[in-house]
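So the structure is just underneath, and the comments pick up after that.
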Amino acid sequence: MSKGITKRSEDYSQWYIDIVLKAELADYSPVKGCMVIRPNGYGIWENIQKNLDHMFKETGHVNAYFPMLIPESFLKKEAEHVEGFAPECAVVTHGGGKPLEEPLVIRPTSETIIWATYKNWISSYRDLPLLINQWANVCRWEMRTRLFLRTTEFLWQEGHTAHASFEEAEEETLRMIRVYQRFAEEFMAMPVIVGRKTESEKFAGAVHTYCIEALMQDGKALQAGTSHNLGQNFAKAFDVKFQDKDKELKYVYATSWGVSTRLIGGMIMTHSDDQGLVIPPKLAPLPVVIVPIWRSDEEQQKVSEFARNITKDWDPLFYKIDERDQYKPGYKFNEWELKGVPLRIEIGPRDVQNQQVVLVRRDTSEKITLSIDNLKAQVENTLANIQNNLFKKAKERTEANTFTVNSYDEYKERIDGGGFFRVFLDHTNPEVEQKLKEDTKSTIRCIPFDAPQEEGPCMITGKTCPYRVIAGQAY
RNA sequence: CGGGGUGUAGCUCAGCCCGGUUUAGAGCGCUUGGUUCGGGACCAAGAGGCCGGUGGUUCAAAUCCACUCACCCCGACCA
């Protein structure tokens, strides 16, 4: 392992890449834009899956799996959808050595194949709501890729639900964006702004899109999750109707919602530092590492025995004792810090003598000497503190970098410094967004749910707006 | 698709201008043995490369020329 990583202040982008590669979260693959997710990274994804999956099931959803290959013609059935996704689709043209009669698209998202299937599953209001999620990989041929943030193939979950009314679909769409908010804040310790996307930023084929937006350490926004109310667009495109209580045949209402391995990128850029990765305890594949310290064989034996003794009733997945003897303790300290393990326990001969251990927090580097009495509870308590502290720090940073700006001149001056900007912009006018993008490389990130009623003139057109939107530069 | 960069050992790179003492090197990592061990240890001995590919020039190519492939970074598009 090479020493050190690029400092954030020197080159933020390189810092990010260094973290991903050196903490062994992922590796480049032989195919451009694709990445190998290594065990350290996949372990985080597994924890994301585990916790989100639980939340989905709590809210009444079940998992299923739909195929990766979709007939090309399916994509074309919803006009906006095909326009949005066709340019970035990978297409399979051959199978078994022969050209295929109809090319198959590798799913960029699964609305089309799912709605083609739902057509067969839905005939009565009694079949609704249909609440299904799938964990899957998807493929989008992006121009420019970045590890975790935008890769050609990525892992995600996509929920696809069918409802009898627009109102019910709307309720579902909102419910799920709140699930994402809760997950981001409680598990990832990543504060987010919840809101609605503007017309030009919404999902291809949606009536409207809700999103969570997080602010990264470099001041750029990251869209961390989206939830779409698809109205009847897909039902109409795939002819999915149900007979309602009133005997009438109606098109069903749809939602879809997803988060991806991008969340891992968001986690990295929210918490990590110049020492390396910082993983919130609730997502850490390994919450605690124990580093024994010894000189002689005799000491090694004593220290190891002590370590095993104090952990004898601990969950083996909760901790690891690093007994490698080819590395000195200092090396191990640095390595585990680089890899983001939230809490380290150091145990040396002195500690055995005093029946104590030394806890070292990844988030603050604080060293705490503790008696071994009631150690497990103390460790768990400290992990909970780390989790809270990470959220608090991220929240403070986000708030400190959320600015209220009134003039376009001031906005243009400050936008490159990063941050969320609370501004008046007429989001109903596409030209406003167009100009904003051209002038400042920034976009309206969302129309926040909690925007207070406040009238003011659009920074660009002067038209009166009823509330402020959040604008900023994004990943 | 534009702009920039890089391809030589597992990794980071030197060597290339000015072709031949180069039997291709260094540091890190790796293997073996020994000493170390409370913040990235040290010594010794090893293993490991047809220098991205193809073609050319030449008595001679990692080095010069042409073509080509790949990847990375920065922009426009996106979760």
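In what follows, every chain begins at residue 1, and chains take the letters A, B, ... in the order their sequences are listed.
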Any salt bridge linking [X] with [Y]? Criterion: basic side-chain nitrogen under 4.0 Å from a carboxylate oxygen.
{"X": "A/Glu24", "Y": "A/Lys339", "result": "yes"}
{"X": "A/Arg196", "Y": "A/Glu201", "result": "no"}
{"X": "A/Glu213", "Y": "A/Lys197", "result": "yes"}
{"X": "A/Lys435", "Y": "A/Glu433", "result": "no"}
{"X": "A/Arg175", "Y": "A/Glu171", "result": "yes"}
{"X": "A/Asp18", "Y": "A/Lys7", "result": "no"}

Do the side-chain N or O atoms of [X] get closer than 4.0 angstrom to the phosphate oxygens (OP1, OP2) of [N]?
{"X": "A/Arg140", "N": "B/C78", "value": "no"}
{"X": "A/Lys328", "N": "B/G38", "value": "yes"}
{"X": "A/Lys367", "N": "B/G39", "value": "no"}
{"X": "A/Ser13", "N": "B/C73", "value": "no"}
{"X": "A/Arg144", "N": "B/C77", "value": "no"}
{"X": "A/Arg146", "N": "B/C74", "value": "yes"}

Once you round it to whole Å, what is the distance between [atom2] of [N] and [atom1] of [X]?
{"X": "A/Glu201", "N": "B/C77", "atom1": "CD", "atom2": "C1'", "value": "11 Å"}
{"X": "A/Glu299", "N": "B/U36", "atom1": "CD", "atom2": "P", "value": "12 Å"}
{"X": "A/Tyr327", "N": "B/C28", "atom1": "OH", "atom2": "C1'", "value": "12 Å"}
{"X": "A/Ile5", "N": "B/C11", "atom1": "CD1", "atom2": "P", "value": "20 Å"}
{"X": "A/Leu222", "N": "B/C78", "atom1": "CG", "atom2": "C1'", "value": "12 Å"}
{"X": "A/Glu24", "N": "B/C11", "atom1": "CD", "atom2": "P", "value": "14 Å"}
{"X": "A/Tyr12", "N": "B/C73", "atom1": "OH", "atom2": "C1'", "value": "17 Å"}
{"X": "A/Tyr475", "N": "B/C73", "atom1": "OH", "atom2": "P", "value": "12 Å"}

Counting only Watson-Crick or G-U wobble pairs whose two distances fall under 3.5 Å, which nucleotide matches [N]?
{"N": "B/G39", "answer": "none"}
{"N": "B/A76", "answer": "none"}
{"N": "B/A14", "answer": "none"}
{"N": "B/G20", "answer": "B/C59"}
{"N": "B/U54", "answer": "B/A66"}
{"N": "B/G48", "answer": "none"}

With sugar-phosphate meaning primed atoms plus P, OP1 and OP2, does [X] contact a base, only sugar-phosphate, or nothing at under 4.0 Å between heavy atoms?
{"X": "A/Thr151", "result": "base"}
{"X": "A/Lys332", "result": "nothing"}
{"X": "A/Val259", "result": "nothing"}
{"X": "A/Leu263", "result": "nothing"}
{"X": "A/Gln326", "result": "nothing"}
{"X": "A/Pro87", "result": "nothing"}
{"X": "A/Glu346", "result": "base"}
{"X": "A/Gly348", "result": "base"}

Identify the two heavy atoms, one from A/Pro191 and one from A/Glu185, that lie closest to each other, and give their separation to 0.1 Å. CA-OE2, 3.7 Å
Nearest nucleotide by nearest heavy atom, which residue falls closer to the 5' end of RNA chain B, A/Thr261 or A/Asp297? A/Asp297
Which is more 5' along RNA chain B, the nucleotide nearest A/Leu147 or the one nearest A/Gly225? Just name the residue.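 Taking each residue's closest nucleotide, the earlier one in sequence belongs to A/Leu147.
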Atom C1', compared across B/C37 and B/A24: separation rounded to whole Å: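 B/C37 and B/A24 have their C1' atoms separated by 38 Å.
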A/Tyr210 vs A/His208 aromatic rings, parallel, tilted or perpendicular, using cut-offs 30° and 60°?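 Aromatic pair A/Tyr210/A/His208 classed tilted.
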Is the base of B/C78 touched by the side chain of A/Arg150 through a donor-acceptor pair closer than 3.5 angstrom? yes
Validate the cation-pi geometry between A/Lys395 and A/Phe391: distance from NZ or CZ to the six-membered ring centre under 6.0 Å, angle to the ring axis within 45°.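 Not flagged: A/Lys395 not positioned over aromatic ring of A/Phe391.
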Collect all protein-nucleotide pairs involving nucleotides 69-71 of chain B in which both atoms are nitrogen or oxygen and the distance is under 3.5 Å.
from: B/C71; atom 1: OP1; to: A/Lys32; atom 2: N; distance (Å): 2.9

Between the side chains of A/Gln217 and A/Arg397, does any donor sit under 3.5 Å from an acceptor?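 No, because no side-chain N or O of A/Gln217 sits under 3.5 Å from a partner of the opposite role on A/Arg397.
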